[in-house]
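A quick write-up on the structure given underneath.
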Amino acid sequence: MSDQTNRRALLAAGAAGAGSLLLGGCNRIYDSPSLRELLTHSEGLTQRAHRALMGRDTLAREYQAADISRTFRPNGSQDAQSLPPGYLDMMTAGFDAWRLTVHGLVRRPTRFTLADLVAMPARSQITRHDCVEGWSCIGGWTGTPLSQVLRRVGLKPEARFIVFHCADEHPRYFRGRSLYYESIDLIDAFHPQTILAYAMNGAPLPLAHGAPLRLRLERQLGYKMAKYIERIEVVDRLDHLGGGKGGSWEDQGYQWYAGV
Ligand SMILES: Nc1nc2c(c(=O)[nH]1)N[C@H]1C(S)=C(S)[C@@H](COP(=O)(O)O)O[C@H]1N2
Ligand SMILES: [Mo]
């Protein structure tokens with residue numbers, strides 16, 4: 001098959017698979033109240049300890065195919081209810097109309113098609129996803145390293161943070177306030193396991209998990225990993241965005257650096 005045919009087949013399979021996910025197949029590995037306490041009261045300590053114990057290039061643990069959770073629990077926005085009208089139609093059409101806009105403190109603002117991203121060198125990784133609510137799932141992800149996209153657009157010297165703007169409003173918490181957004185610093189942005197994933201477990205990313213593109217950031221908690229990414233903005237500060245804390249959950253009181 002040509003690359004183009006491959007991509008078509010991949011995207012068509014994804015559209016067909018949307019909505020067929022079941023809950024379950026994940027493990028509860030820690031007590032969420034204590035984790036939440038930790039996240040709420042010791043950000044500086046957590047971040048410093050995490051960075052001291054794990055150098056900036058340390059990889060999160062990677063697993064084997066046999067370890068992949070039978071079903072991977074979707075969380076937060078996961079269906080058309082949270083997405084703009086027309087999103088499902090765009091998915092059915094293979095996301096041909098979708099674009100990833102990269103702008104802000106960059107030398108060459110660029111709009112990428114999904115095919116542009118798929119054509120770039122890819123990275124695959126099987127990793128454990130930890131949600132602040134206290135569950136974990138292991139999944140396999142394939143995508144474009146964020147570093148490659150950032151090198152394509154060229155960061156200006158003032159660049160300090162990478163912001164991910166998403167298509168959805170969180171059904172319970174954020175409706176009518178702002179679209180889901182998240183941010184990371186340049187250390188995490190250039191980490192080798194930080195990828196813009198378009199495939200999960202060998203199939204196109206399902207709608208529930210953020211189709212067509214979601215962030216995988218393997219050393220932080222799930223809420224940092226923006227799904228339904230439409231726009232990446234490079235900034236020098238975060239206080240002028242949303243509620244000013246760098247992300248939708250941070251604006252609700254969660255910590256900006258959510259190391260695991
Ligand atoms: N755009 C967007 N990204 C999001 C969320 C969301 O509601 N909207 N939820 C976050 C949370 S809390 C978690 S745990 C993960 C869930 O990813 P999953 O649905 O693939 O399990 O996505 C994160 N990214
Ligand atoms: Mo989460």
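As the structure is a computational prediction, the values presented were derived from the model and not from experiment. As the structure lists them, so they are numbered: ligands from 1, and atoms in each ligand from 1. These numbers come from the heavy atoms of this one structure, side chains and all, not from hydrogens, waters or symmetry mates.
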CZ on Arg70 to CG on Asn201, rounded to 0.5 Å: 13.0 Å
Contact with ligand 1 for Lys224, non-hydrogen, under 4.0 angstrom: no
Any side-chain to backbone donor/acceptor pair from Lys227 onto Ala211? Under 3.5 Å, distance only. no
Heavy-atom count around Arg152 CZ within 6.0 Å, excluding the residue itself: above 12? no
Between Trp249 and ligand 1, is there a nitrogen or oxygen pair with a distance under 3.5 Å? no
At under 4.0 Å between heavy atoms, is it the side chain or the backbone of Met225 that contacts ligand 1, or both, or neither? backbone
Show me which atoms of ligand 1 lie under 4.0 Å from any heavy atom of Cys166. 1 (N)
Shortest heavy-atom approach to atom 2 (C) of ligand 1 - which of Tyr180, Trp141, Phe164: Tyr180
For Trp135 and ligand 1, answer yes if some heavy atom of the residue is under 4.0 Å from a ligand atom, otherwise no. yes
Please confirm whether the ring centroid of Tyr180 lies under 6.0 Å from the ring centroid of Tyr228. no
Looking only at distances, can you tell me whether any N or O atom of Cys131, backbone or side chain, sits closer than 3.5 Å to an N or O atom of ligand 1? no
Any N or O on Tyr228 sitting closer than 3.5 Å to an N or O of ligand 1? no
Below 4.0 angstrom from a heavy atom of Gly76, which ligand 1 atoms are there? Numbered from 1 as shown, please. 7 (O)
How does Glu182 reach ligand 1, by side chain, by backbone, by both or by neither, if only non-hydrogen atoms under 4.0 Å count? neither
Just wondering, more than 12 heavy atoms not from Arg99 lying within 6.0 Å of its CZ? yes
Measuring from the heavy atoms of Arg73, does anything fall under 4.0 Å of ligand 1? yes
Do other residues, nucleotides or ligands put more than 12 heavy atoms under 6.0 Å from Arg111 CZ? no
Side chains of Ser248 and Tyr223 in contact at under 4.5 Å (non-hydrogen atoms): no
Please list, in number order, the atoms of ligand 1 under 4.0 Å from a heavy atom of Ala208. 19 (O)
Pairwise side-chain contact, Leu205 with Leu213, heavy-atom cut-off 4.5 Å (strictly under): no
Looking only at heavy atoms, the pair that brings Gln125 and Gln193 closest together is NE2-O, 2.9 Å
Purely on distance, is any nitrogen or oxygen of Asp168 under 3.5 Å from one on ligand 1? yes
Does some non-hydrogen atom of Met200 fall short of 4.0 Å from ligand 1? no
